Amino acid sequence: QMQLVESGGGLVQAGGSLRLSCAVSGRTFSSYAMGWFRQAPGKEREFVAAIGWTGDTTNYANSVKGRFTISRDHAKNTVYLQMLSLKPEDTAIYYCAADHYGTGSREWPTYDYWGQGTQVTVSS
């Protein structure tokens with residue numbers, strides 16, 4: 001089993017920034033692609049960003065491209081999502097997920113393990 005624990009969410013004003021972290025344990029972190037997804041109330045889960053297991057490839061939703069950056073630290077078994085210029089429409093619960101030997105899929109069923117999520121609220 002793999003455990004994923006997100007942190008870093010909170011309440012921020014529009015235009016502000018947050019950095020989410022996802023600490024991973026229980027499996028070989030370096031062999032998993034990592035993704036961030038989000039789900040707002042009444043909406044379906046949507047892809048945000050992903051990074052391949054080698055760290056060489058990244059993938060972003062159009063809605064966050066240029067504002068969000070995904071990165072991973074193999075020494076700390078942690079994946080990050082740096083979020084800048086936040087907008088009220090970014091408000092959601094953010095989940096990290098792991099995909100064994102993945103390349104950074106946008107499709108949530110691809111992912112094998114999920115965290116519990118962290119709430120991000122952006123006020124206008």
Side-chain angles (χ1 to χ4, degrees):
Q1 278 289 60
M2 174 182 269
Q3 292 78 43
L4 295 82
V5 180
E6 302 95 335
S7 62
L11 173 63
V12 64
Q13 288 188 332
S17 62
L18 285 173
R19 188 178 79 156
L20 305 184
S21 300
C22 175
V24 177
S25 62
R27 294 283 185 178
T28 305
F29 174 71
S30 59
S31 65
Y32 283 80
M34 300 300 298
W36 285 97
F37 292 77
R38 66 187 182 188
Q39 189 165 17
K43 296 188 177 181
E44 294 187 352
R45 185 175 353 188
E46 66 171 350
F47 170 77
V48 176
I51 185 166
W53 69 278
T54 65
D56 292 341
T57 58
T58 57
N59 201 356
Y60 294 94
N62 288 336
S63 59
V64 307
K65 198 173 294 185
R67 299 188 298 123
F68 292 9
T69 302
I70 188 170
S71 61
R72 63 190 301 161
D73 185 334
H74 287 272
K76 296 183 178 180
N77 285 1
T78 300
V79 62
Y80 302 98
L81 185 69
Q82 178 68 55
M83 306 186 294
L84 305 176
S85 302
L86 283 161
K87 305 175 181 180
E89 51 263 44
D90 294 318
T91 295
I93 299 174
Y94 283 70
Y95 300 91
C96 70
D99 173 21
H100 199 208
Y101 287 125
T103 56
S105 172
R106 294 171 174 260
E107 304 299 325
W108 68 263
T110 302
Y111 291 78
D112 306 299
Y113 299 100
W114 292 82
Q116 294 299 307
T118 185
Q119 176 72 48
V120 171
T121 303
V122 184
S123 63
S124 57

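None of these values were measured; they are calculated from a predicted model.
For Phe37, the ring-ring contact (aromatic ring centres under 6.0 Å, His included) partners are Phe47, Tyr111, Trp114, not counting sequence neighbours. Partners of Ser17 according to the side-chain contact (heavy atoms from CB on, under 4.5 Å) rule, which considers only residues two or more places apart in sequence or in another chain, are Gln82, Leu84. Shown here are the side chain to side chain donor-acceptor pair (under 3.5 Å) partners of Ser105, two or more places apart in sequence or in another chain: Thr110. The side-chain contact (heavy atoms from CB on, under 4.5 Å) test applied to Thr103 returns no partner, not counting sequence neighbours. A search for side-chain contact (heavy atoms from CB on, under 4.5 Å) contacts involving Val120 returns Leu18, Leu20, Met83, Tyr94, Val122, not counting sequence neighbours. Remark: Glu46 pairs with Arg38 by the side-chain contact (heavy atoms from CB on, under 4.5 Å) rule, at least two apart or across chains. Take Phe68 and apply the ring-ring contact (aromatic ring centres under 6.0 Å, His included) test, not counting sequence neighbours, and it matches no residue. Not counting sequence neighbours, Arg45 has no partner by the side chain to side chain donor-acceptor pair (under 3.5 Å) test. With sequence neighbours excluded, the residues forming a side chain to side chain donor-acceptor pair (under 3.5 Å) with Ser25 are Gln3, listed by chain and number. Scanning for side chain to side chain donor-acceptor pair (under 3.5 Å) contacts around Lys65 gives Asn62, with sequence neighbours left out.
In plain terms, the two heavy atoms of Ser21 and Thr78 that are nearest each other are CB-CG2, 4.2 Å. Minimum heavy-atom separation, Ala40 to Thr91: CB-O, 3.6 Å. When all heavy atoms of Thr28 and Ser31 are compared, the pair lying nearest together is O-OG, 2.9 Å. Taking all atoms of both residues into account, the shortest heavy-atom contact from His74 to Phe29 is ND1-CD2, 3.8 Å. Counting all heavy atoms, side chain and backbone alike, Glu6 lies closest to Cys96 at OE2-N, 2.9 Å. The minimum heavy-atom distance between Ala33 and Arg72, with the atom names listed, is CA-NH1, 4.0 Å.
Criterion: ILVMFWY side-chain heavy atoms under 4.5 Å apart, direct or through other members. Under it, Val12 and Leu81 are part of a common hydrophobic cluster. The cluster map of Ile, Leu, Val, Met, Phe, Trp and Tyr, joined by side-chain heavy atoms under 4.5 Å apart, puts Trp36 and Val64 in the same cluster.
Residues in residues 32-77 take part in no disulfide bond (SG atoms under 2.5 Å apart) pair, two or more places apart or across chains. Applying the side chain to side chain donor-acceptor pair (under 3.5 Å) test to every pair with at least one member in residues 115-124, sequence neighbours left out, gives these pairs: Gln119-Thr121.
Contact annotation: the side chain of Tyr113 approaches that of Gln1 to within less than 4.5 Å [non-hydrogen atoms, C-beta and beyond]. A heavy-atom distance below 4.5 Å is not found between the side chains of Tyr95 and Leu4. Put simply, the side chain of Tyr60 reaches to within 4.5 Å of the side chain of Ile70, judged on heavy atoms.
A donor-acceptor contact shorter than 3.5 Å is absent between the side chain of Arg106 and the backbone of Ala50.
The CD1 atom of Ile93 sits 7.0 Å away from the CD atom of Gln39 when rounded to the nearest 0.5 Å. To the nearest 0.5 Å, atom CG of residue Asn77 and atom OG of residue Ser30 are 8.0 Å apart.
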